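Have a look at the structure below before the remarks.
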Amino acid sequence: MAYYTALFEISGLNILLALSVFATLMVGQFSLAQVGFWSIGAFVTAILTTMHGMPLYSALIISSILCGFIGLLLGYPCLKIKGIYLTLATVAFAEVVRVFFNNLNYQIELGDRMIGPAGALGFRGVKVIAAWPEIYLVLFVIVLLFILLASSRLGMSINAVREDETAAAAVGINVTKIKVSMFMFGAAIAGAGGGLYASYSSYVLAENFSFHMALVSIFYVAVGGMYTFSGPIVGAVVLTLLPEVFRFAADYRMILYGVVVIIVVIVFPRGIVDEIRYRIEQRSLRHDTFSDNKTHNKNKKLPDEGIK
Amino acid sequence: MFEVTGLSKSFGGLKALENLDISVKSGEVMGLIGPNGSGKTTTINLITGLLKADSGKVQLDGKDLTNKAADIIAKLGTARTFQNLRIFSRQTVRDNIRVAQTTLCKSVFSKFVPFLTDEERAFRSETDALLNEFELSHVSHKRAESLSYGEKKRLEMARALALKPKILLLDEPAAGMNPLELDWLAETIVGLKKSGLAIILVEHHMKLVMKICDRITVLNFGNKIAEGNPKEITNNKDVITAYLGKDHTIA
Amino acid sequence: MLVLEYAISGLLFGATYSLVAIGFTLIFGVLNRFNIAHGATLMVAAFGGATISILFGGKDSYIILIAAFFSATLIGAIVGLIVRQIAFAPLKGGSELSPFVTSAAMALILEELFVNLTQSVSIYSMEVTEFPSPLENLVFFLGEIYIRGAYLVIFLMALIIMGILHWWLHHTKSGLAIRCVEENPTAAWLMGINGNRVEIIVFAVASAIAGAAGCLISVAYGTVTPFLGSNLLLVSFVVLVLAGIGSVRGAMICGLLVGIIETVTAGLISAQTKEAVLFIILFTVLLVKPQGIFATSATERD
Amino acid sequence: MLEIHNLSSGYDNIPVLKSLSLKIDTGNLTAVIGPNGAGKSTLLRTISGLLSVSDGSIMMDGIDITKLRPDEIVGLGIIHVPEGRMILSRLTVRENLIMGSFQRKDNFQINKDFDKVLSMFPILGDRLTQLGGTLSGGEQQMLAIGRGLMAKPKLLMLDEPSLGIAPIVVEQIFNMIKQIQNEGVTILMVEQNAAKALNAASSAYVLELGEIKASGSAKSLLLDDGIKKTYLGL
């Protein structure tokens, strides 16, 4: 039973990470910085709850606000950077955060022992005050926000920015504001998620929030779906459970995991949820006059630039 | 009254547009024509804030639009379409129009919360009217990417009009349209003009331009070489040279 | 004096960073996509080299070392082609995320594979596998400055590789074809260049260079681990951004620069700070001059 | 030499060419003229394989090239000098020219052709070590044509050779085109500058909105009032 509860809880945490990646991706920004925010959230919450006795939810709110603010500081200058360069900048941010917490020594005496982040040894003995109810409560709130976004005009504007910034500006959307806001939103989600993680796992180690984890966070979105928020949720759950399903493969299960990720991305280029949705739509359009069968066989062999 | 005065732009050393003056009254269609690379699209991009002008002024009803951000210019009453269709293809047809209404929202509620307020109701009926007018009602629930080319073109125009602009800039609306669609386009533009909209039409399709424009400005190498009504333009020597080449041997 | 010593060994070692970054940048230039598995390719090749050296007693033999080097290069090329076939070739259009994810998954697979191999194959060791080479104890003194022989050798090898690459890209038709595709794929097709074939060649060459670099680096370290590649990948991000993505010449110079910065900060301050310094530089350069500090207007890409 | 039958093509879902047929005779200079947006460039891009054919066929000397890749089409001697010239700005002028002969193996003949191109365009000889991006518009056009010639074309397709070039240089370039034709290269030229093109060409097609509106000898078209109508929409 404890095993399943743990899986349930870890799934919830991973969903939060996936949603935070998705929030920035909603405006077309492909960010690997979420791990950095996650790390900040984890350490800040741990420090607040364990060392200063703050209640969980207050600490989580402070963590997300702090991360949102850092997201603002990071997001504004990053607007100037596009595409692959932005991704690299976010990698740099996450790495700097990792190095920072890896060197952070801030301990106070509590009771009979020293407690707090101890450099490369990490923060041991974080107060464990979050389990599935706390995790899923936060998740519920965030999903609610995504639902609101998905059905409101603001959500439409966000989608418009993702699809075509120029056209979005031409219909009066303030592209800068929306991009920075979504960057902040993503950072705030990661801040809360990291905080929950710390309060759930009792041990926070900066090395764990590495480039590797950033890649995995991208897997969630790519596998689940990158256009609707249900995608990252599915992706996170599937990829959390997958290694468990592959237990029979013992040491080689992570290899199988990698193989599955590749196959899914090739077979479902939009991610599982959005690809299925897309195919269903296509099927219902089949009778239309569209020249689907006349797709450009030659163009396929050419690089993107070749067919402008 | 929409007015452009002394608008100039150069890229590197190349002068893309030099000292352009145009003015369009409401209820008037101004054609902007010229050979490839003459600066037509540059003009539209300068007016709508996609490019920053080196010098010159753009004014709409006395309000200064020069070098403002694109979204501000749109909010101030300037709408446009693009040469290469730029619709939001993953969104439904209806949402493409609704997204353009966002800037008109007075109440915060309509922006953030999907509740049916009075304002929202008004928007909804406007959307329906636009969908009707542009013959898109039957596909309103479909994703825009699944439309035919002509439908996409219509959707782009409908979206521009959802902004309730005072001036509409059309960048090659006729490209790729079949004769039937062309007739429809001409009718629609004339209709919009009658409703009091000022329109700038950049177009290669000369028959259309000559048929529906009140006045025409001809650009060549970034300079205005002629302005006048269709008749004057077709008989202008400079225009003929610009289009057909130097040797006037063509009958 | 100490600073000079650090700077020199940084410069010498930095040449391998140049090699890693060159391969990465070549692939990006032609595909416009990042190959996250580039580091893992390098790691596999380094293991290949180490295996040859371990099996045939490479500790004392320069011939075995040379054999190990060439096998690593060959293995690099083969793994690179496999990566292309699995992670890039099957993707049609799609989002920019897809090749990123497939190549990252490829990296994960290769890393995990070698984590397991190091646990189950007896010639490897679980923590760090040794790469025996006769260069281990070779040391030179330049006045009072201490220079490791291995560093000098890898520097010279790297220079030779870069020299050959430079010559190939500038003086042969097949090399020029790569630069054509990089700059304008459409023009390249119209000149009769088969873009798909160029892609394959670039993957093979870039990964072979990565393999060579992997071998040189692990010879210098004397060891190899399954995570060799992912650390180097991050370093090559820094090189790449400094150089301007897609610039081969910039990557050559910036690799050396990064090597110097890294060794000097590590030596003077601490090994921990060196990463922070590198990434702060990376971040600052991105904000101030995103196209790279060595980029001229002609090499800028959009 | 080249026969196009009922050709339709375009971009994504945008149809541009609509069931178009034309024929190019060996040794001729054929001009395709028409206003902006008529589909002239699309026609060349389709022939050279950059765009796929949605319907119809293209035959070159009896070989069906409809479904071939661009590099295979180059191999058959159809060379496309594209609109905007597409000079490789980071390669030197010499490298640009050499790469024109990418598929050829006859090194001796390549060197001779190289000298010949330089004698046709002496200005390129002075600029051999400069980067392509540093050339002026006219020089780039000469380089683009020179690069095309280095491929030893049977059919040379020129897209708007006069676009964005000073009038004196345009004169020079048209003279060169005539000279190239006299040396036995078949030429298909797309031009907006109708008068110039018709004066140079032997036969011509008038394209409007993806369809052929008129065709015949260049002389007869020069005297045809319809062209002016097509262009100015009278």
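Because the structure is a prediction, the values reported are computed rather than measured. In what follows, chains carry the letters A, B, and so on, assigned in the order in which the sequence lines appear, proteins first and then strands, with residues in each chain numbered from 1.
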Working to the nearest 0.5 Å, report the span between [atom1] of [X] and [atom2] of [Y].
X        : Y        : atom1 : atom2 : result
D:Met86  : C:Trp189 : CE    : CH2   : 14.0 Å
D:Arg147 : C:Leu190 : CZ    : CG    : 8.0 Å
C:Lys173 : D:Arg104 : NZ    : CZ    : 7.5 Å

Close side-chain approach of [X] and [Y], heavy atoms under 4.5 Å:
X        : Y        : result
C:Ile193 : D:Met99  : yes
C:Thr186 : D:Pro82  : no
C:Met191 : D:Met150 : no

For a quick test of reading the model, state the closest non-hydrogen atom pair linking D:Asp71 to C:Gly192 and the distance between them.
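Result for this residue pair: CB-O, 3.4 Å.
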Considering non-hydrogen atoms only, spot the tightest contact between D:Arg69 and C:Asn194 and give its length.
NH2-ND2, 3.1 Å
Measure D:Arg85 against the heavy atoms of chain C and call it side chain, backbone, both or neither at under 4.5 Å.
neither
Please state whether the side chain, the backbone, both or neither of D:Ile87 comes within less than 4.5 Å of a heavy atom of chain C.
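Just its backbone gets close to chain C.
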Could you check whether any side-chain N or O of C:Arg179 sits under 3.5 Å from a backbone N or O of D:Leu91, counting only pairs where one atom can act as donor and the other as acceptor?
no
D:Glu95 (side chain) donor-acceptor with C:Leu176 (main chain) under 3.5 angstrom:
no
Close approach to chain C in residues 179-192 of chain D, criterion heavy atom under 4.5 Å
none
Contact origin within C:His171 toward chain D - heavy atom pairs under 4.5 Å
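For C:His171, no heavy atom lies under 4.5 Å from chain D.
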Taking salt bridge (charged side-chain N to carboxylate O under 4.0 Å, His left out) as the definition, give me every residue that meets it alongside C:Glu262, ordered by chain and number, with sequence neighbours left out.
none
Among the options D:Ala144, D:Ser101, D:Gly100, pick out the one with the most heavy-atom pairs lying under 4.5 Å from chain C.
D:Ser101
Just wondering, are more than 12 heavy atoms of other shown residues or ligands nearer than 6.0 Å to NZ in D:Lys178?
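Count over threshold, so yes.
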Do other residues, nucleotides or ligands put more than 12 heavy atoms under 6.0 Å from C:His166 NE2?
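Above 12, so yes.
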